[in-house]
Amino acid sequence: MVLGNNPTRLWALILLFTFVPFVVPLERHDALLNQSPTPSKSFKWNSNGPYVNKVLFDVISERSEQLDALTSGSIEHVTTSLSAGDVSYLSSYGSTIEVTQTESFDLVFMAINCQRYPWIFPEFRRALALAMDKNELASIMWGDLGFALDATMSPSCGVWHNDALTPSYNDSQVAAAQAELASAGFFDLEGDGYVEAPNGDQINFRPMYPIEVPQWAAALSSQQPYWDAAGIRVTPMPVALNTLLDIVHTIPRNYDGAFITESLSQPFPLFLQNFVTIQIANPDGNILNWQNSYYDTIIEQMLTSSDSSTVHAAVHEAQQIINTDVSLLVIGGTYEFNAHRTDDFAGWITSPGYGISALNHWTPRKVHLLNEGIDGGSDHTGGIFNSMLGSAVDSQNPLTSTSEFGQYVLSQVYTSLMGDTNPYNNAYGYNGLANLVTLESHPNGLKYTFHLFQNASWHNDDETAPQTSVTADDVEFSYNYIIDNNIPLYQTQIPYLNACYKLDEWTVEIITNGDSYWAFNQICDWVILPSQIWSGIVSPVTFINPQPLGCGFFRWENRVEGEYVLLNYWEHYHKPIYRTPASGRFPIELLISVVIGVVVVLILVISCYFWMRRSNKTKDAIDRAREDDTVEETQIVYCMHCGAQLVKTDDYCSSCGRIKD
């Protein structure tokens, strides 16, 4: 940079070097993925570690005991979904208890046997759906606990949900239903108000519904007038749920229709392959007996394409095809209801599809004590957060635990390369061990390079003792250990992995089989284990893991089986902490920044001083040279006529007036 004599440039340089030391230590290294859609940077969800000192998970299985514990204040929230009665009961406690509501991932639909005459006609299936009033049906079924829906993805599924489907079946459209029937040759040949099939046979559609849910009878009874008006004879059949499922899943399937609930555990649309023809799905999974070759093509694109825009378009189009053919008559979805106290803690996280339930692993990491007016409670730290488990932890082994409550606890202790999913962007995670991810093509599929945080450490009992770093060796060991032992929990993910190996102490490469868009989702969240412990475990599926040791937000402290699990905040969690710790000590990062900033400013001031001195010396030398030139140009001479003293440059003598020469 050339400063010249411009003081603005000088001070700009001073300011630049003054503030750089403060900015660099606070830089947030978000997980980046060079694959569209790129995860957006979100400071809120790039977690900096928990605010509480401890989390106590009380095991409370009975609902009445859960509500009593909540209302008495012995727990802070209920991690199981509430019923309508629970919501009504808790409403009497006013602002002390808050009930959260979010759309769940659950899907309620009527499966139609598309290979049974005359339900093979899509026009008949559309007419059946158009005649219904799903808003009314949903209101009777769930009251305020559910909503009508057309798509096979709930709105809680975010970008995967197609909210622009046509036609809409939420309101009764009898005339449109009659038009669909007529277009396919369904007419009332006998004059009894009900149409016959195109071959002249009488029809009577008999959908099954589970007798264990009495609301179904009232809900379907409300739809009878609409179906009658459209000319469709429908006779709902109550059966035991197990009987319904046996009939639907037994080949050949001997049923007309069946009302079923699909409970999704995650927002990803891979379950759509369950509703395709036998070319892709296992015949046992195609409960609809539905054949649609174009849908097969779309699902093939969804499963195999590496281009995100193609995958998203395929998911939306698959929903549109199902909506148009009405092979899966989507009725609606339900809400997830949870309750928590508001008098001790703030910062509750409500995740779409999960609420604040045990499936939402964020709340224990984000809640913090109310600060009683000191600074508005934005970051007050410390205290014990009292959570709950609806049942005992099934296993302390992260490779074998399959219950939601076991995973709820273990996800606080262990972590993976990418970590848990951002609640407001349910396609990617942000809080794992990798601070940067790059993507390249590879002859076998895709090559992901994970760059690890270099300050991650394994838990130990003495936080002041030297820490054991989490390195690429641990990552390489964990992935190969899971493959070599064929861990059942990873059966669906293992086929996506081709190889995992370290490049250096902090860098790992993972190569996938094939270049499917879903490969990243399938390989990025494998649990990372401490190789120094697990390398000696010969049988991982039988290992009880008496003292779980991870590198996550919390360190395992104690468990009394059937009663509670206690976790401690891990002081050395690998993400930088940008808040003042509860102890009140001055953050070392800020202290270092201040010292560096002061040193840089002093160096710049001293440099500027010498630069200015040098500039002044140069100016003095130039002035002296100019004075010498002036003396030379004004040499003194004498007039040859009168002898008067003259200046050499004068033309006339000032004394005699004659020309000086």
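Both backbone and side-chain heavy atoms feed into the values below; hydrogens, waters and symmetry mates do not.
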Atom [atom1] of [X] and atom [atom2] of [Y]: how far apart are they, to the nearest 0.5 Å?
X	Y	atom1	atom2	result
Ser305	Tyr517	OG	OH	10.0 Å
Thr243	Leu245	OG1	CG	9.0 Å
Gln412	Tyr414	CD	OH	13.5 Å
Ile322	Asn292	CD1	CG	9.0 Å
Arg365	Tyr51	CZ	OH	13.5 Å
Asp256	Thr235	CG	OG1	9.5 Å

Taking all non-hydrogen atoms of both residues, which atom of [X] and which atom of [Y] are closest, and how far apart?
X	Y	value
Val59	Ala392	CG1-N, 3.8 Å
Ser156	Ser104	OG-O, 2.9 Å
Ile97	Thr342	N-OG1, 4.3 Å
Leu149	Pro155	CD1-CD, 3.9 Å
Ser91	Ser88	OG-O, 2.5 Å
Asp144	Tyr335	O-CD1, 3.6 Å

* Check step by step if side chain to side chain contact (heavy atoms under 4.5 Å, CB included) holds for Ile140 and Leu137. => CA-CA 5 Å; Ile140 295 173; Leu137 188 151; over 6 Å; no
[X] and [Y]: side-chain donor and acceptor closer than 3.5 Å?
X	Y	value
Gln407	Ser403	no
Asp58	Asn386	no
Asn53	Asn568	no
Thr79	Ser357	no

Side-chain donor or acceptor of [X] paired with backbone N/O of [Y] under 3.5 Å:
X	Y	answer
Ser516	Leu303	yes
Gln66	Ile60	yes
Gln493	Asn521	no
Ser401	Pro398	no
Gln223	Asp133	yes
Ser172	Ala131	yes
Tyr169	Asn323	yes
His161	Cys157	no
Trp227	Leu128	yes
Ser351	Tyr354	no

[X] and [Y]: aromatic ring centres closer than 6.0 Å?
X	Y	result
Tyr573	Phe554	no
Trp362	Tyr408	no
Tyr295	Trp290	yes
Phe259	Trp216	yes

Would you call [X] and [Y] a side-chain contact if the rule is heavy atoms closer than 4.5 Å?
X	Y	answer
Trp556	Leu567	yes
Leu270	Leu272	no
Val311	Gln301	no
Asp86	Leu67	yes
Arg555	Val413	no
Val234	Phe205	yes
Tyr490	Val527	yes
Trp348	Glu76	yes

* Around Gln491, counting heavy atoms of other residues, nucleotides and ligands shown, do more than 12 lie under 6.0 Å from its CD? -> yes
* What do the steps show when you test Phe57 against Phe405 for ring-ring contact (aromatic ring centres under 6.0 Å, His included), and what is the final call? -> CA-CA 10 Å; Phe57 298 97; Phe405 295 106; 9.7 Å; no
* Asked: Under the criterion side-chain contact (heavy atoms from CB on, under 4.5 Å), which of Met153, His316, His312 is the partner of Asn162?
  -> His316
* Asked: Where do Thr402 and Asp394 land on the side chain to side chain contact (heavy atoms under 4.5 Å, CB included) test, with the steps shown first?
  -> CA-CA 7 Å; Thr402 57; Asp394 62 328; 3.6 Å; yes
* side chain to side chain contact (heavy atoms under 4.5 Å, CB included) between Arg559 and Tyr564: does it pass, once the steps are laid out? -> CA-CA 6 Å; Arg559 176 193 180 192; Tyr564 70 84; over 6 Å; no
* Asked: Below 4.0 angstrom, N of the basic side chain to O of the carboxylate: do Arg341 and Glu98 qualify?
  -> no
* Looking at Asp150 and Lys134, does any basic side-chain N land under 4.0 Å from a carboxylate oxygen? -> yes
* Please lay out, stage by stage, how Ser395 and Thr400 fare under the test side-chain hydrogen bond (donor to acceptor under 3.5 Å, both in side chains). => CA-CA 7 Å; Ser395 173; Thr400 59; 2.9 Å; yes
* Scan His368, His77, His340 and name whichever one has a ring pair (Phe, Tyr, Trp, His ring centres under 6.0 Å) with Phe385. => His77
* Test side chain to side chain contact (heavy atoms under 4.5 Å, CB included) on Leu107 and Val330 and set out the steps. => CA-CA 7 Å; Leu107 189 68; Val330 181; 3.6 Å; yes
* Asked: Passes side-chain hydrogen bond (donor to acceptor under 3.5 Å, both in side chains), Arg63 versus Ser83? Steps please.
  -> CA-CA 10 Å; Arg63 173 50 56 85; Ser83 67; 4.8 Å; no
